[in-house]
Protein chains: 2
Amino acid sequence: MDRGARSRDAILDTGGELMSRHGYAATSISMISAASGLPTSSIYWHFRSKDGIYVAVLERARIALLEALPPSEVPGTDVAERLDTFLREVEDAFQRHPRGVKLLLGLGMVQQDASAAAAAEVYQYRDALLAWTRDSVSSVFELRNRPEVADELARFTLRMASGTAVARWFEPDTVLDTGQLRVALLALADHHGVPVRGVPGEDAPPGHITTGE
Amino acid sequence: MDRGARSRDAILDTGGELMSRHGYAATSISMISAASGLPTSSIYWHFRSKDGIYVAVLERARIALLEALPPSEVPGTDVAERLDTFLREVEDAFQRHPRGVKLLLGLGMVQQDASAAAAAEVYQYRDALLAWTRDSVSSVFELRNRPEVADELARFTLRMASGTAVARWFEPDTVLDTGQLRVALLALADHHGVPVRGVPGEDAPPGHITTGE
DNA sequence: GTCTATATTCTGATAGAC
DNA sequence: GTCTATCAGAATATAGAC
């Protein structure tokens with residue numbers, strides 16, 4: 001790898017770290033310059049603007065996460081097995097990509113100020129996450145014929161994940177509670193009449209449990 | 001109300017609005033000055049620093065929210081009735097105080113940069129919300145003897161709420177789905193062996209439903 | 001308490017030699 | 001591609017008259 005590419009990577013590493021810690025607005029070019037050892041002019045040569053750095057950082061984070069995500073066709077013979085696999089995948093992705101999530105949430109919050117390119121990146125990131133989650137949930141609960149239920153369960157899952165990311169700002173040891181998520185997803189599936197046989201305690205016959213509403 | 005107090009309020013109004021929209025770092029004193037019509041020196045006279053504005057804004061938002069929250073002793077004769085009341089209260093608070101929530105999340109995210117005073121305010125805000133939610137949930141499900149379950153259900157509720165706040169950054173029309181929350185809370189309570197009789201469909205006798213784990 | 005004017009530092013961004 | 005040097009403007013914050 002030539003020096004140019006190495007510098008480019010160093011800028012993205014440092015910039016991503018700083019932006020995820022302090023937010024976009026509070027991260028200055030001079031901070032990135034000081035932390036990476038490269039002069040500001042080099043930074044501007046690689047990326048045309050501060051916004052350009054953010055877009056590149058976010059794009060790299062998105063690609064890294066999506067490449068790390070397993071296929072959304074979840075393996076397993078019954079709902080219980082597939083659900084456990086899915087929950088492990090979600091937990092794993094959540095633990096391994098905290099900076100990406102924080103970058104996404106950080107700019108998501110103030111996207112009205114962001115450039116068109118940055119906003120587009122943010123949406124592409126989020127849409128990809130939603131699509132993966134939806135496909136996975138659909139596979140877990142066999143919802144090919146009920147896309148609206150898959151969508152609801154996916155949004156619920158992402159909401160729990162981002163809510164947990166928020167909780168982590170206040171209590172850094174917080175982890176995604178997959179036990180809670182498991183109970184909640186099963187109850188929601190059941191609530192929509194989705195059969196969840198094979199799950200311990202949920203193998204009730206036709207007159208199944210509904211939780212009101 | 002004298003002119004000084006009116007100016008002070010105007011600064012808090014404008015500053016709160018701008019900070020919740022753009023975040024703390026991206027909100028400048030000159031923006032607040034321009035939007036409120038008051039010179040920067042007046043702003044500095046009322047609050048000693050930019051940080052002082054943020055602390056005052058957040059303190060006011062916290063007090064307003066806490067005053068608006070109903071008593072955490074939820075009225076109702078059975079779980080179903082109390083739960084519905086509680087969910088309505090949460091939804092209402094969530095709808096009516098979006099700026100407070102955004103301020104809280106906004107600084108929560110970068111609190112390591114924040115002053116001690118600002119960080120203290122952020123934690124006090126969050127702790128008060130958590131305490132109210134915990135007390136309410138405890139009242140709804142009669143969990144006086146099982147505080148750890150009340151804590152878990154409260155954190156779950158707040159995670160759903162903040163996850164929904166995040167979702168709203170991307171899709172502004174998003175509302176807190178109390179239907180989902182109802183199903184999930186009942187399932188979690190049931191999962192912990194908490195009796196949830198009185199709820200349609202959940203009036204199963206002792207050998208009640210467990211969703212595995 | 002509010003105003004005008006200003007000090008000082010830092011910002012994003014560029015010029016141009018190498 | 002990287003460096004030194006620098007620009008124009010905006011940032012936080014203050015001085016001091018009224």
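Every value quoted in this text rests on a predicted model; they were computed, and no experiment measured them.
Between the side chain of B:Ser7 and the base of C:dT2 there is no donor-acceptor pair of N/O atoms closer than 3.5 Å.
If you take CD1 of A:Ile43 and P of D:dC3, they are 10 Å apart, rounded to a whole angstrom. Remark: P of C:dC10 and CD1 of A:Ile32 are 17 Å apart, rounded to the nearest angstrom. What separates CD1 of B:Ile53 from C1' of D:dA13 is a distance of 11 Å, to the nearest Å. Distance B:Tyr54 OH to D:dA11 P: 20 Å, rounded to the nearest Å. Distance CZ (A:Arg6) to P (D:dT2): 9 Å, rounded to an integer number of Å. As a whole-Å value, the separation of A:Ile11 CD1 from D:dC3 C1' is 13 Å. Distance, A:Ile29 CD1 to D:dG9 P: 19 Å, rounded to whole Å.
When the nucleotides C:dA13, C:dT14, D:dA13 are ranked by their closest atom to the side chain of A:Lys50, C:dA13 comes out on top. Side-chain proximity of A:Trp45 to the nucleotides C:dA13, D:dG1, C:dT14 is greatest for D:dG1. You'll find that the side chain of A:Ser42 is closest to D:dT2, out of C:dG1, D:dA15, D:dT2.
Geometrically, A:Lys50 does not engage A:Tyr44 in a cation-pi contact, judged by NZ or CZ lying under 6.0 Å from the ring centre and within 45° of the ring axis.
Between A:Thr178 and A:Val90, every side-chain heavy-atom pair lies at or beyond the 4.5 Å cut-off.
A donor and an acceptor atom, one from each side chain of B:Gln112 and A:His22, are nowhere located under 3.5 Å apart. Side chains of B:Glu121 and B:Tyr54: a donor-acceptor N/O pair is absent below 3.5 angstrom, by distance only. Side-chain contact annotation: B:Glu59 with B:Tyr125, donor-acceptor N/O pair under 3.5 Å absent.
The residue B:Ser33 sits apart from the nucleic acid: no heavy atom pair falls under 4.0 Å. Note on A:Ser30: only backbone sugar-phosphate atoms sit closer than 4.0 angstrom, heavy atoms only; bases stay farther off. Residue A:Ser28 is in sugar-phosphate contact alone, with no base atom involved, counting any heavy-atom pair closer than 4.0 Å across all strands shown.
Nearer to the 5' terminus of DNA chain C, by closest-nucleotide assignment, is the contact made by A:Met31 (compared with the other of A:Met31 and A:Arg48). Nearest-nucleotide mapping onto DNA chain C: of B:Thr40 and B:Asp2, the residue sitting toward the 5' end is B:Asp2.
Neither OP1 nor OP2 of C:dT14 sits under 4.0 Å from any side-chain N or O of A:Tyr44.
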